[in-house]
Structure formats: structure tokens, C-alpha cells
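What you see is a predicted model, and the numbers here were worked out from it, not measured in a lab. Note: hydrogens, waters and symmetry copies are ignored here, and every other heavy atom, side chains too, is used.
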Amino acid sequence: MRRLEYKWLVGITFVLALIMQILDVTILNVALATLGREFDVDAAALQWILTGYMISLAVFIPSSGWIADRFGSKRTFQAAVVIFTFASVLCGVSTEMWHLIAARVLQGVGGGMLVPVGQAMLFRAFPPNERAKAGAVLSIPITVAPMLGPVLGGLLVEYANWRWIFFINVPVGALALLFTVLFLKEEARRDPGRFDLPGFVLAGAGLATLLYGLDQGAQLGWGEPQVWLSLIAAVLLISGLVWRELTVRAPMLDLRLLTDRLFRSGNLLLLCQTGAMFGVLFLIPLYLQNLRGVSPMHAGLVLMPQAITMLLTTQVISRIYGRVGPKRLILAGFAVQVVIGIGLQLQGVDTSLWFLVALLAVQGVAMGLLMTPVQTATFARISGPSMGQASSMFNVSRQVATALGTAIVATVLVVLTERGTSTVDPAAVGQVAAAHLGAYHGAFLVSVVFAGLGLLLGLRVRDSDAAASLDTPVAKARQGEREPSETVR
């Protein structure tokens, strides 16, 4: 089997596993109300279905690189798929709420290893000057799964049974496992050193308390004791983690990778990208359902053109990235996002939904302009042996960016809503609607702030730093030297 064939097999395997994980999240969001009625629990108990999974993810994402280096990427990926699939079965057969929460925590163990390890395998399979193609591969599950999830979740809950929102993971997981067993090879392992137990505890606990604090702050308010105590604990734990990982010989997370200018910039750009895009994705369904009276399934259909344009754009960008370089694409993506954030200020309670669809379709282009260049450039200077550690850190950044972006947007929305409604007559329906609309306009501007920061950071990106990932004679020559050792026989 030649290398060209093998890299695509890795891509197919990872796409299957990633579709399973993302579908699980997006389908579950639609079914939460049904689960509340089924188990006769309140919203606080329901929240632990999501929070337990998030905390479990936070514990195992930082350690996934060490685990893969110690036991092998293929074995670790197989274990992650098996754990996630088996936990999905346990979720589907749950008869008590605590059963379901425990099964979701187990799902998080698999999910926390699945994405970082799979991404590292994918980027090792593609040589540096072809990693833009790997980014195009990743765009498939990232766009298709969120697009299908709400629609599929609604159909399963309405016409089948809530248990099928979990059972649907089983055939996908089985297929991903079959591809892993039949086609993937175990990669050469480096000695990761002894297990860094203090680093594991500090990384897992620090990230978990940070995500929990951000999540609860957005929901309950930032003055609640459980929120600020969680954030204080997170700061202390993460500070201890930084000290530990910079002084120990074999760290759980190799923070020294951040000394690479491009890798450091890529993680910061990911924060801006996620904050700018995810904030809008969080707000649009709320705006449509709360202010426009649109059903959840209809809201999903409004978002569908955005997913389509993103998917198409990433395929184009993967072909021109090597000639254009990351800097201009990144700047273009953030510039378009600024325009979208400003355009959303024109949305009213009676504005044609087709105008919103058009804006979101253009935002899909912005997402496509950013996704592949940011990801490809971030890993451009990372060597194969360090890929597992780098992938773990990149996915930690992604989780923090998602939680931070959502927390900021939700907080702005709540504060502006309370401020706006406090100054109007509650009996004046039009004034209340205008106050709510003004709150959404203010929250939409958060994406402009994140995109503006992204533009400033993008100006500091140097295409020369990402030379290994570009379609240049030097990169091709280096790949030619690597060719024999990367062929699978």
C-alpha cells in the first residue's frame, strides 16, 4: 500500500470517528427537553448530562498525547472509539438519570482521546506541504455533522425513541473501528518518559474547573460563589501546571512548544476564530426561536447554507493554500467576519430570513477561509514525534476558546437584556421586543471584537515561518527526501 493511499485511509477513519462524536453533541442538544420529561428531572439535573461530559473531556484531552506516545497512536485511537461507542450503548439503555450521567462521563473519556490522537495521526500521514488537504478532510465532519445533527435529532425523538440518539453512534463507531483495525498501522513511538501524575492532575483539574466556571458563569451569573471559586481554583491549578511542566524532564504537556512563534500564534488565532464564529452560531438559534418564533428544525435549516459554503470554501482553500500562504487567507477570513458582525446589526424581528441566510452563507466562506490556514500553519513547524503533544495543546485551546466565546456572548446578551427591559414598560410588547433585539445586536458585536483581534494577530503571521506547509520547491524537495521512509508496505 503506497503512502498516497494510506493517508486517505487515515482521513476516512478519522472522519467517521469525528462525525460520531459531533453528531452525538448536536443531536443531544435537541433531545434535552425530551430527556427531562422521560426521567422527570429539572434543568439543573439535565445540565449534568452536558457538564459531566465536558469535565471528562477536559481531564483526558491534555493527557492524550502522552497516552498515545506510551501505548501507540493506533491502539489509543482504537480504545477511544471502543470506549465512546460502548458508552453510547450504556447511555441508550439507561433507566436512571445517574446512569445516563455516568455513561456520559465515560463517553468523555473516549472523546477526550479520540480527537487529539486522530488529528495527530492525520497530520503525520500527510506531509507538511499537503496538510492543507488534511484540513479539507477535517472540514467534512465539522460542517456536515452540525448540519445534520439537529434535523436527525428531531426526527429520532419525534418518530422513533430518545434512546436512538445514542444508539445511532454504534454503527458509525463500529465502522470507524473496522477501518482502524484493517487499514491503519501502528506508528513509531517515542519514549514519553515516566507518567507525570502531578501534571495529569493539574492539567485535568485546571482545565475542568476553568470550563466549569466559564459554563456556570454564563448560566448563573459571575457573582455566584461556585463560579468565582471555580475560576480562582482554575488560575491556581493552571499556574501550578505551568511551573510543573516547565521544570519536569518529561512533561504531560510540552509547553515549550509554545516557544515556536507560529505554533503560539496559531493557538491565539484559534481563540479569535472560535470566539468570532462560535458566538454567532450560539446566538442565531436563540434569536430565531425566541424573537422570530422559528422551530428548532427550521432554525437548523436556516444554518444549513452556512455549512455548505464552508465545506465548499475549504475544498478550494486546500488547493490554493500552498501558493497563497496563510497570512492573506487569514486576514481575508477575519475581515469578512467583521463585515458579517456589522451586517447582523441590520437584523430585526421582521427582517426577511433570506437576508440572514445570505449573511450566514457568507460567514461560511469566512469560516472556510480561516479553518484550513489556521490549522495548517499552526502545525507547519511541528515535527512528527511532537505531533501528539501539539495536537493535545491545540485541542485544549479549542475547548477553552469555545467555552470562553460562549460565556462572553451569553453574558453580554443577559446583561443587555436586563438593562434594556428594566427601562421599558412590561406591558408595551413592542418596546420589550425592541429591548431584546438590541441585546442581540450588542451580543453580535462580540464577534466583531474577536475578529478585529484576529486581524491584528494575523498581521504578525509570516508566510516564511509556514514554508514547510507551502507548495514551494524547497518543501517538495524535503518531501522527496522523506518519501521512502513514509511508504507503507
Side-chain angles (χ1 to χ4, degrees), residues 7 10-11 14-15 18 22 61 64-65 114-143 145-146 257-258 260-278 310-311 313-322 324-334 337 364-384 386-402 405 454 457-458 461-463 465-471 475:
K7 66 185 179 184
V10 175
F14 186 41
V15 163
L18 197 53
I22 299 175
I61 287 176
S64 60
L114 190 152
V115 177
V117 176
Q119 184 181 48
M121 293 173 64
L122 182 69
F123 275 27
R124 286 193 189 107
F126 282 79
N129 65 320
E130 293 184 17
R131 283 182 187 157
K133 296 178 181 178
V137 171
L138 281 176
S139 71
I140 297 173
I142 290 174
T143 53
L257 289 172
L258 292 172
D260 180 89
R261 179 172 55 200
L262 193 56
F263 185 71
R264 182 174 62 250
S265 296
N267 280 270
L268 291 173
L269 286 166
L270 178 67
L271 172 65
C272 297
Q273 174 192 347
T274 305
M277 309 268 178
F278 200 88
M310 176 184 171
L311 183 61
T313 304
T314 53
Q315 305 312 306
V316 174
I317 297 303
S318 69
R319 288 166 171 77
I320 68 172
Y321 169 89
V324 176
K327 182 171 185 174
R328 281 174 285 183
L329 296 173
I330 289 170
L331 292 176
F334 281 121
Q337 185 58 42
V365 175
M367 295 169 74
L369 283 166
L370 287 169
M371 179 181 168
T372 297
V374 169
Q375 196 155 243
T376 305
T378 301
F379 291 91
R381 292 157 61 99
I382 302 298
S383 63
S386 299
M387 191 62 71
Q389 287 273 359
S391 181
S392 295
M393 292 179 63
F394 191 74
N395 281 278
V396 166
S397 298
R398 191 194 306 278
Q399 290 295 321
V400 172
T402 300
L457 285 170
V461 173
R462 300 180 183 180
D463 288 339
D465 287 346
S469 67
L470 303 180
D471 189 17

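Between A380 and A466, the shortest heavy-atom distance links the atoms CB-CA, 4.0 Å. Scanning both residues, L329 and I320, for their nearest heavy atoms gives CD2-CD1, 4.4 Å. Closest approach of G266 to V374, counting heavy atoms only: O-CG1, 3.9 Å. Pairing each heavy atom of S391 with each of Q119, the nearest pair is OG-OE1, 3.0 Å. Nearest heavy atoms, A390 versus I382: CB-CG2, 3.8 Å.
Applying the side-chain hydrogen bond (donor to acceptor under 3.5 Å, both in side chains) test to Q337 and every residue at least two apart in sequence or in another chain returns Q363. Here F394 pairs with F379 under the ring pair (Phe, Tyr, Trp, His ring centres under 6.0 Å) rule; sequence neighbours left out. Remark: S392 pairs with S64 by the side-chain hydrogen bond (donor to acceptor under 3.5 Å, both in side chains) rule, at least two apart or across chains. R261 meets the salt bridge (Lys or Arg N to Asp or Glu O under 4.0 Å) test with D465; sequence neighbours excluded. Partners of T402 according to the side-chain hydrogen bond (donor to acceptor under 3.5 Å, both in side chains) rule, which considers only residues two or more places apart in sequence or in another chain, do not exist here. With sequence neighbours left out, the side-chain hydrogen bond (donor to acceptor under 3.5 Å, both in side chains) criterion links T314 to S139.
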### Task
For side-chain contact (heavy atoms from CB on, under 4.5 Å), just list the numbers for F334 and L269, CA-CA rounded to whole Å, side-chain angles, deciding distance to a tenth of an Å, and then say yes or no.
CA-CA 10 Å; F334 281 121; L269 286 166; 3.8 Å; yes

### Task
Quick one: do M371 and Q273 satisfy side-chain contact (heavy atoms from CB on, under 4.5 Å)? Show the steps, please.
CA-CA 8 Å; M371 179 181 168; Q273 174 192 347; 4.2 Å; yes

### Task
Go through F123 and L138 one step at a time and tell me if the side-chain contact (heavy atoms from CB on, under 4.5 Å) criterion holds.
CA-CA 11 Å; F123 275 27; L138 281 176; 4.3 Å; yes

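Rounded to the nearest 0.5 angstrom, L18 CG and I22 CD1 are separated by 4.0 Å. In this structure, the separation between CG on L270 and CG on N395 is 8.5 Å, given to the nearest 0.5 Å. Rounding to the nearest 0.5 Å places CZ of R328 at 10.0 Å from CG of L331. Between the CG atom in N129 and the CG atom in L470 there is a gap of 9.0 Å [rounded to 0.5 Å]. Taken from CD in Q315 to CD1 in I140, the straight-line distance is 5.5 Å, to the nearest 0.5 Å. To the nearest 0.5 angstrom, C272 atom SG is 11.5 Å from N267 atom CG.
The closest side-chain heavy-atom distance from P141 to F14 is not below 4.5 Å. Side chains of R398 and I61 form no contact here, defined as non-hydrogen atoms less than 4.5 Å apart. Between L370 and I330, the closest side-chain pair of non-hydrogen atoms falls below 4.5 Å. Between V400 and L271, every side-chain heavy-atom pair lies at or beyond the 4.5 Å cut-off. For the pair D463/P326, a side-chain contact is recorded, criterion being any heavy-atom separation below 4.5 Å from C-beta on. In this structure, the side chains of M310 and I142 come closer than 4.5 Å at one or more pairs of heavy atoms.
In this structure, the side chain of S386 does not engage the main chain of S383 through any donor-acceptor pair within 3.5 Å. With hydrogens and angles disregarded, a donor-acceptor distance shorter than 3.5 Å links the side chain of S397 to the backbone of M393. Panel note: side chain R131, backbone T376; no donor-acceptor pair is recorded below 3.5 Å.
Residue R462 places its CZ atom among 12 or fewer non-hydrogen atoms of other residues, nucleotides or ligands, all under 6.0 Å distant.
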